[in-house]
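Reading through the C-alpha cells given below for one structure.
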Amino acid sequence: MSDRILGGTCLVLALLYIYFATQVRVGFISDPMGPKAFPIFIGVVLALGSIYTLLRPDPEPVWPKLGRFGEIVFAVVVMIAYTYALPELGFIISTTFAAGFLSWRLGARPLAAAIAGVGISLGIFVVFRLILKLSLAIGPWGF
Amino acid sequence: MDVLASLADGFAVALTWQNLGLALLGCFLGTIIGALPGLGPSNGVAILIPLAFTLGLPATPALILLTSVYYGAMYGGRISSILLNIPGDEPALMTTLDGYPMTKKGQAGEALALSGIASFVGAFFATWGLVFLAPQLVKVALLFGPAEYFALFTLAFATLGGIAARNQAKAVIAAALGLGIAMVGVDHQTGVPRLTFGEIHLYEGIDFLIAIVGLFAISEVLLFLEHAKGEAPEASTTKLSRITAPLSMLKKTTGTMARSTVIGFVSGVLPGAGASLGSFVSYTIEKRLSDKEGTFGKGDPRGVAAPEAGNNAAAGGALVPMLALGVPGSGTTAVLLAMLMALNITPGPLLFTQQPDVVWGLIAALFIGNIMLLLLNVPMVGLFVRVLQVPTKYLMPAVAMIAFVGIYGLTGSTFDLLLMIGFGVGGYLLRKLDVPLVPVILGILLGNIMEKSMRRALTISDGDYSVLWGSPIAITIWALAIAGFLAPIIVGRFLRPRKDATVSP
C-alpha cells in the first residue's frame, strides 16, 4: 500500500509539474529547445517511474507505531520552533531547549537531557563562535 | 613523465603547515564520523561541508580538509562493523561478515589493525591508479561536445542505482525528483523564472547543500527517533588486548590485499558501481579463491582484508571518472562532487588544464591523508573505539544542532532552515520507502549542467534532436547507459538473495 501511495503521489506531482512547466513564459530570445522542454521531459520520466511503482509495488516497509510516529512529528515541530526561535532568543537559549528536547525524546532522563542541552549548546558556541568565529544567531542579549 | 612532475607540484601545494594541519584534523574527524554507527561517509561529509564552507577557507585547503574527512570516514566505517556488527554504510557491510566473528573470538585488536592496513594498501595503490588513469581519460574527454556530455550525465543516472538499489523504478523516481528540484529558479539561458511560484527565496534555486544536509543528516536523526532507546551499543565495551596484526597474519593476507585492490579499483572506475560493489566483489572472489577450509564467515582474516582493501581502492577508483569527466561513480563521490561545486570548482577535463594546482594538490592530499590515516588508525584505534561509547541520545541532538549551525552560518535565513527540515522529512519518508537518496542529490547537482548541455547541443544543430546520438562516442555512451540501467535488473536477480542473506545478523 505504501508504494501505491508513493506512486500515486508522485504521479500527481508529475502531472502538476508538467502543467506548471507549460506555464513558464518564454522570453523574446530563446534557443530551439526553450526553458519548458526539459522540465516537461523530467515530468514525463517521473510519471513513468510512478506508474511502474503504482502497478508493481514492493513489499510493505515497517512503519513505526503511532506513538513513535508522534515522536517524529513532535521532533519536527521542535525543529521548526527552533528555527523561528533562533533569531528571536539567540543561539544559546534556543539550542539548549531544542537539543535538550531531542535528547529527552531519544531516551535521556529529564535531568540528563537538560544537562545535555546546556552542554551541546555551550560546546557548539565555544567551538564555532569563539574559536572558529562562525556567525551564530545573536539574540537580544548578544549570545 | 609529466604526470609525476604535476604530482610533485601538487605536493608542493599540499605540504604547507596549514594544509598538513587541516589534513590531520580532517582524518581525525572523518575516522570518528565513520566509526559512529549509523553515520557513514555521505552523511558525515554532508554535515561538515556547510561548516567548512562558512569558515571561508580558500578552495585548496577546504578541499584538503574535506577529502581527508571523506577518506577518514571510509577508514572509520570498519570500526563499528568489526566491534559492533553495525556497518556505518553499505560498503562496510561486507567487513562485518568476518570482522565481527573475529571480535567474538577475542581478536578485535588484530582485526582492527589488519583492516587499517588493508584500507591503506587499497587506498594508496588506488591513488596511484588515479594518477595515471585520470589524465588518460581526460584526453578522451577533451573530444566530448555538449551532446556527448548530455549522454554522459544520463549514463551517471542510469548506472548510479546499480546493485545498491533494489528497484530501478524507484531510482528513476529519485533521479526525476532531484532533476525537478534543480529546475526551480531563474533559467540561466533566458532569464525567466521557473517553478518559483513568485517566492523570492526560490529565484536563485535551491542550494544543494541545504538539500544534502536535510536529506542525510536530519532524516538520520528522525530515523533514530523511530527506534529511540538511546543506549550505547553494548559490545562497545569490548576489551582490546592488542592492536597490532601479527606478521604471520599480514603474510597470509598479502595476496588477498593485492587482488582486492585491483578488483576494487576497477569496480570503482566503472560508472555507478562504487565502493559497495568493490567490497562485495572483492569478498566474493576472495572467498571463491581462498576459502578451502570453509573458514570464511567465521572470522577469517582474509575475509576482513579483502572487503577493506576493495572498498578503499574503489573509493580511489571512483575519483577517476569524477575528476576527469565530472561524473561521480558512487554515492559518496556524489557528495564529494557537491563539495567541489560548492567551492566553485567544476570537475571535468578542463579542470586538469585550467586549474592543475587544484587537481594535483587534491591528489597529493589523498596520499598524505592516507599515510596520516595509517599512522592515526593503527596505534590510536583505541581512542576511536571510545567514541563508540557516546550514547546516541546525546550524539544525535548534537548532530542535528550542528546541521542547523552549518546551514544558518551559510545563509542566515529562516526560510532555508525550514527548507532543510522539509528535506529531512522527505528524506525520512524516501528512506522508509526504499527510494535511494543519492540520485536525488545527483539530480539537484547535475540538473542545470545537464539541461545546459542538451540545449547547447540543440542550438548547434538548430533544433535537430538526432544530434544527441550523432557521434560514435555518444552512441557508445548511450549503449553503456542502457546496459548499465538494465544490468542490475538482470544480474541483480542472481546477486540479491545472497546479499540479503548477509544483512541479517
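Note on naming: letters A, B, ... go to the chains in the order of the sequence lines (proteins, then strands), and numbering restarts at 1 for each one.
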Atom group of [X] that falls short of 4.5 Å from chain A, counting heavy atoms:
X        : result
B:Ile402 : both
B:Ile421 : side chain
B:Ala398 : both

Mark yes or no for whether B:Lys432, through its side chain, and A:Val62, through its backbone, hold a donor-acceptor pair below 3.5 Å. yes

Side chain A:Arg68, main chain B:Leu225, donor-acceptor under 3.5 Å: yes

Option in [options] with maximal non-hydrogen atom pairs under 4.5 Å from chain B:
options                             : answer
A:Pro87, A:Pro61, A:Pro35, A:Ala116 : A:Pro35
A:Val45, A:Leu48, A:Ile72           : A:Ile72
A:Ala47, A:Ser2, A:Gly34            : A:Gly34

Need one label for [X]: side chain, backbone, both or neither, based on atoms under 4.5 Å from any heavy atom in chain B.
X        : answer
A:Ala112 : both
A:Ile80  : both
A:Ile120 : side chain
A:Leu13  : side chain

Work out which heavy atom in [X] is nearest to a heavy atom in [Y]; give both atom names and the distance.
X        : Y        : result
A:Thr83  : B:Phe404 : OG1-CE2, 3.6 Å
A:Ala75  : B:Leu222 : CB-CD2, 4.3 Å
A:Phe38  : B:Gly447 : CE2-O, 4.0 Å
B:Leu195 : A:Ala21  : CD2-N, 4.5 Å

Does anything in residues 94-104 of chain A get under 4.5 Å of chain B by heavy atoms, and if so which residues? A:Thr95, A:Ala98, A:Ala99, A:Leu102, A:Ser103

Just so I understand: if I count every heavy-atom pair under 4.5 Å between each of B:Leu433, B:Val192, B:Ile218 and chain A, which residue has the most? B:Leu433

I'd like to know if B:Lys170 pairs up with A:Asp3 as an ion pair, taking the criterion as any Lys NZ or Arg NE/NH1/NH2 lying under 4.0 Å from an Asp or Glu carboxylate oxygen. yes

Rounded to the nearest 0.5 Å, what's the gap from CG on A:Leu6 to CD1 on B:Ile173? Could you check? 5.0 Å

From A:Lys36 atom NZ to B:Asp187 atom CG, the distance as rounded to the nearest 0.5 Å: 12.0 Å

Would you check, one step at a time, whether the test side-chain contact (heavy atoms from CB on, under 4.5 Å) holds for B:Thr414 with A:Tyr84? CA-CA 7 Å; B:Thr414 311; A:Tyr84 284 109; 4.1 Å; yes

